[in-house]
Amino acid sequence: MLNLSPTDVQAIWLSAKVATTATLITLPLGFAIAWVLAFSRIRWKPLLDGLINLPLVLPPVVIGYMLLLLLGRQGPLGELFKTLGIQIIFTWKGAVIACSVIGLPLMVRSIRLGMEQIDLQLIHASRTLGAGFFDTLFSLVLPLSIPSLVTGGTLCFARSLGEFGATIILAGNIPGLTQTIPLAIYDYTNTPGGESGALSLCLVSIVISYLVLIANDVIMRRSVYGLRKVS
Amino acid sequence: MLNLSPTDVQAIWLSAKVATTATLITLPLGFAIAWVLAFSRIRWKPLLDGLINLPLVLPPVVIGYMLLLLLGRQGPLGELFKTLGIQIIFTWKGAVIACSVIGLPLMVRSIRLGMEQIDLQLIHASRTLGAGFFDTLFSLVLPLSIPSLVTGGTLCFARSLGEFGATIILAGNIPGLTQTIPLAIYDYTNTPGGESGALSLCLVSIVISYLVLIANDVIMRRSVYGLRKVS
Amino acid sequence: MKLEVSLTKHLGDFSFDTDFCVDGERIGIFGPSGSGKSTLSNLLTGFLTADRGLIQLDRRKLFDSDAKINLSPDHRRVAVVFQHAHLFPHLNVRKNLLYGHKRTPASQRQLELADVTKALNIDHLLKRNVTQLSGGEKQRVALGRALLACPDLLVLDEPLSALDKQLKEQIIPFLRTTLRHFAIPYLYISHSLSEMRLLTDQVMQFADGRLQQITNADTLERERMAGNRHGYLNHLTLSDPHEVDNLISYRWGANELFLTANERLQDGLFGLSSKDILLCKKHPHAMSARNLLTGTITGIMPHKGAVGVELNCNGEILLAQVVSQAVAELELDIGKTVYAAFKASAFRRLT
Amino acid sequence: MKLEVSLTKHLGDFSFDTDFCVDGERIGIFGPSGSGKSTLSNLLTGFLTADRGLIQLDRRKLFDSDAKINLSPDHRRVAVVFQHAHLFPHLNVRKNLLYGHKRTPASQRQLELADVTKALNIDHLLKRNVTQLSGGEKQRVALGRALLACPDLLVLDEPLSALDKQLKEQIIPFLRTTLRHFAIPYLYISHSLSEMRLLTDQVMQFADGRLQQITNADTLERERMAGNRHGYLNHLTLSDPHEVDNLISYRWGANELFLTANERLQDGLFGLSSKDILLCKKHPHAMSARNLLTGTITGIMPHKGAVGVELNCNGEILLAQVVSQAVAELELDIGKTVYAAFKASAFRRLT
Amino acid sequence: GEVRISAAASLTDAIKEVSALYKQSHPQVELLVNFAASGALAKQIVAGAPADIYISANPKWMKYLQEQGVVAEETTKTLVYNSLVLAGSPNAKATALKDVLQMRSIAIGSPKSVPAGKYAEQALTAANLYQQLQQEKKLILAKDVRQALLYADRGEVAGAFVYRTDAMLAKQAKILFEVPQDLYPQVTYPATLLKGAEGKTDVEGFYAFLFSPEGQQIFVKYGFLLAN
Ligand SMILES: Nc1ncnc2c1ncn2[C@@H]1O[C@H](COP(=O)(O)OP(=O)(O)OP(=O)(O)O)[C@@H](O)[C@H]1O
Ligand SMILES: Nc1ncnc2c1ncn2[C@@H]1O[C@H](COP(=O)(O)OP(=O)(O)OP(=O)(O)O)[C@@H](O)[C@H]1O
Ligand code: MOO
Ligand SMILES: [Mg+2]
Ligand SMILES: [Mg+2]
């Protein structure tokens, strides 16, 4: 039933690689931002909150366009990367950046929802025991946030698997090089009779995300520290 | 600075209407599904979980096509709606359906994360006091889930504001009728000198979502029932 | 109330296997931690389903594995008060109280809000948010909530064990009178014998998921007299108080007793520890103890290092406790007369 | 330890404004709920920042608004034990204990894990998950965790108030000896005078955010004698135990006392309530009370309805408590000699 | 009455202007135009989306609709033509097709899904250039023509094969040369009435206006070529 061409197989590997990398990048980033939003008392918090939410609110294509302006040959960051010898546009790194930006708001909101339930007294206790700010962050807040990190990671991974609009602008649609599953599906759907190819790739996406869901549940069950004690 | 044509203004109203309606639809639906996933012991739970996640995992355009097949002339639901005299495709209702389906996984996951922290003993107490299954659901679980409903609602609303791929397929891109903000932005990017129009619409999106974020924070602060008591 | 239970339930390593039939309104469940008390409570309310067996409450079958009957918790009419109050955090006190009441058919509502709030002294809290209550207030509201559901059976699963001693002492008399007052049959689960004595008529003793014996708390406490730091607590029902100088005089059967005056002038049940009673062979003349009764020895019961001496003082029974040397030295024996001295301040009001 | 505090802090309606300098190792903070005790604790640890003022601990300035000094909590070396243990749920007992220890420079580590687990009797719990501990075990682990951080000052903010009476009584002697043993200066915050008496040398009494007086717990308890259900608790240091028949004989200064034998044979501090002492004008001959001391009255102190009678029994001070009629009847007066009778079972071991 | 038009996205501006003009003389007619990719439009129509007029950017999707039997075939005709050009920076020296070999990188629409990309592939293959470009990894594939143009306009690529009409939208990029028409099939925009729309006066009126000199002139203004 599965009907996969060699470039499709490459697209699958690439998608898995991009989604995984994007998730691994946004996990620490999302954790840090969620921390700031949940605990710190900086003044421009609402601004940060709004900014983080942008990629959720704007159409992905617009986000892709903005990233192109930023990271392109003439963009401010693009020049920086060029001097470093790093090529972002038209490479899989571009896809990673696109997916990371799109997935970040989902990550941040999940982690924050979990973090806001951590007992402040625990943090107080940790500080008085000599743990500094960052020490407390890593030795206490991080492990207690695992359930929400897992949720955030799952959302980000899944969204990355399906991300199309921003990726195609930043990474292009080059089979074998930057073509992820959604882009390959797009190619199929724009060809009369391409349905079966598109369907096969959809199924693969579904299977991958399903595996991630199962992993999610397993980690979740192990890391909810007695929050729900069954009588 | 804002440079809005009459159809842009219509697009803004339509987007607000669509996002609001989609949020209002997915709230009860997401609540019910989250409940099943968090509390019930049915066997096909992982299946349901996977199904709910589909719109997150697959590219929005694909979801749009699937919905088109389902709701179209020959689709199983399409016939049903036709006998009811309801037209979905190429109406704002189509946009609502597209956004609802895309927003649902975000809604479900947020609500579930919150629900899983409700003390089971409270539910036990409610049942022994004579509250039946549904009664407990509405009089206890629902009010205690408000923070996560708010988070889910915010995510769904924001995502609906930005949804492009599924909407354009199901609702079409008809100015004044089904053209939402992302579709209008798409049109502008296909027009010479359309940048300023696109930018204006992006700004409007941002402002709307910002208002929703603020509302989120206000409700949140009022409804976290003493979960975080500052010493 | 007649409760017939015959259940088997396996939970991991633990097995609960019990068979009994009790008839009464005030029943205690006593046993060490992990003996299956809460398991029984959960089986009764329906949060655990037994592997096999039967639960019958009066004429209603709540569970019967043979007949495939298993009423859902909301149809069992068995309410619970847990160790922690578990009030609904989103409702104020009034709404918490009425939660079950609203859901009870009008025909079965035997109490109204005002009755219960008055009895539990929580009138002034009605508009409060539940996070603003003290531990004792919370527990009173939880009790009121359960009472207002007018259940056929109320299960109290260590309702006081999370409270501190002082609060406990305040709330027990309360519980005793309200539970009596509302005549709702209950099962009282606790580790504490003193709670049991005040609140139950019969006690079922559990160990390892099995019923050991059905007895009463008084008997259990006597058996533990020597080990108990406070000795055996005599329960004295005192009446007709009136002030005499700085003291209060009470009637105890045919006797007159004096208590210190930091007491309400009200009839009630008072505790007097067997350890607070001094026995003298001869009348001790001028002595600071305000109470001196003449008693005939009706029983001498050695319990480990201590000896319980049961006295009949004008028809009332008093249990004193002395060390074994004193028995010899005072030549205590059944039928002899001794003087029992105890201070006006030795009493503790129980209700 | 010398602690100098001079702080002003406004929190909503509440204002905390205090100025003191104490010198000692065992200091109590006493005051009603809402008097600012936890506020002081938070100001000391650094979770609240005062509006203005100074905190100086020995030679270190922890806070000085003028000099713009405000050490962060992790640099203050002030550890806290809260009412609820607040153990880290993701770490086992061992890792909880070592949390602060690992973060203390080796040069300042005065204790090792083994010392503390032994003293607190938690050796067997090391591998447990913290959700599997009882309330008392949790609190002991929390204490161990704070001790192992070897702080310059330990703040105990009602560390026992969430425990039940029985556990409290088990843990207090423990606390007393361990805190003594490890010689870490501490502030003990509590509502309970009896805890204060056992654990502190000086007591700072707070009300409404202001320091009322610096006194000691013994004085405070005497003042409250009549109101206290247990009267004033005499603290007797007893030594040289040996068994005599079924009893244990102890030395109390020049006196010999008999205690019931459900006691360890060990020196210690014992409590004897002023209410458990009977005074007789004449020698009462055969009597079940095992202890009869001759005492000279050195003070007569009326407190509301009760009268405290201070006796000198062969050089040791004992406070008895009688009702006012008894004073007249027994013709009590300073300089007179009376007999103090109390039972072998009236004692309570405190340490 | 209502006239519903489903038109390929590349016609957006031209159709908008034609509609505006038509409305001046026919204020009672309500024109509802739906712009999207030709394939998406075709699938919508098959699924039963309401449409009277369909204008595709290539014959492939028109043929698909004919096979589905939803088209009033007798009304199908070519509306306009387009041509393929290379757009790039004004400083670039490319003047003929073979010069692309000297360029840094070239953007084309993905040949699988974008008709313009397919035409570019055909032209380059005919000129024996495609293989070499591919081997040198100089080809950047875009999801549609606009995206290819965007890359050229922003200087991300040295040049992009796009339609003439698109190239005229670029801010910086200029048309460097036209691709010789003999190297690729002519780019046609077929239009048609859909079944059920025949006989509606308003629909037929607007359909005729599209082909009228007034209408056609507007297409020319946006760079389209006329079906002589
Ligand atoms: N879901 C479960 N799975 C396995 N064992 C369980 C489960 N629930 C309870 N147990 C075990 O059953 C035993 C009885 O528990 P139960 O709660 O009935 O005791 P209890 O008498 O109420 O004790 P306590 O006085 O501490 O409340 C315990 O050993 C407990 O560990
Ligand atoms: N963040 C705050 N905002 C306003 N008022 C506060 C705040 N924190 C504490 N208070 C008030 O300050 C007063 C002192 O509180 P504090 O916790 O220091 O009392 P306490 O002596 O520790 O009482 P307890 O014995 O109940 O623990 C209380 O009236 C309290 O309501
Ligand atoms: O909403 Mo998108 O642009 O199809 O990812
Ligand atoms: Mg239990
Ligand atoms: Mg406090």
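A, B, ... follow the sequence lines: proteins, then strands. Residue 1 opens every chain.
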Engineer: So which of A158(B), P105(B), G50(B) has the largest heavy-atom pair count under 4.5 angstrom toward chain A?
Structural biologist: A158(B)

Engineer: Measuring heavy-atom distances to chain B, does L58(A) have an atom under 4.5 Å in its side chain, in its backbone, in both, or in neither?
Structural biologist: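 The answer is both parts of L58(A).
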
Engineer: Given heavy-atom pairs under 4.5 angstrom as the criterion, report whether the side chain, backbone, both or neither of Y186(A) touches chain B.
Structural biologist: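 Contact with chain B involves no heavy atom of Y186(A) at all.
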
Engineer: Would you say the side chains of N53(A) and Y210(B) form a donor-acceptor pair under 3.5 Å?
Structural biologist: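 Not at all, the side chains of N53(A) and Y210(B) share no donor-acceptor pair under 3.5 Å.
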
Engineer: For chain B, find which of A198(A), S110(A), S205(A), S148(A) contributes the most heavy-atom pairs closer than 4.5 angstrom.
Structural biologist: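 Option with the top pair count is S205(A).
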
Engineer: Any salt bridge (charged side-chain N to carboxylate O under 4.0 Å, His left out) pairs touching residues 178-206 of chain A, not counting sequence neighbours?
Structural biologist: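 Applying salt bridge (charged side-chain N to carboxylate O under 4.0 Å, His left out) to every pair that reaches into residues 178-206 of chain A, excluding sequence neighbours, yields E195(A)-K43(E).
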
Engineer: If I compare all heavy atoms of M115(B) with all of S145(B), which pair ends up nearest, and what's the gap?
Structural biologist: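 Nearest heavy atoms, M115(B) then S145(B): CG-OG, 3.7 Å.
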
Engineer: Are any non-hydrogen side-chain atoms of W35(B) and I111(B) less than 4.5 angstrom apart?
Structural biologist: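 Not in contact.
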
Engineer: For the candidates V57(A), T154(A), L161(A), which exhibits the highest count of non-hydrogen atom pairs separated by less than 4.5 Å from chain B?
Structural biologist: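 So the answer, after comparing V57(A), T154(A), L161(A), is V57(A).
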
Engineer: Distance-only, no hydrogens or angles: does the S126(A) side chain make a donor-acceptor pair with backbone N or O of L122(A) under 3.5 Å?
Structural biologist: no

Engineer: Check whether Y65(B) gets within reach of chain A through its side chain, its backbone, both or neither, counting any heavy atom under 4.5 Å.
Structural biologist: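 It is the side chain, since no backbone atom gets that close.
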
Engineer: Please determine, among I185(A), L106(A), L155(A), L54(A), the option with the most heavy-atom pairs under 4.5 Å with chain B.
Structural biologist: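 Max contact count across the listed options: L155(A).
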
Engineer: Which residue in the set I97(B), I174(B), L14(B), T167(B) passes side chain to side chain contact (heavy atoms under 4.5 Å, CB included) when paired with W92(B)?
Structural biologist: L14(B)

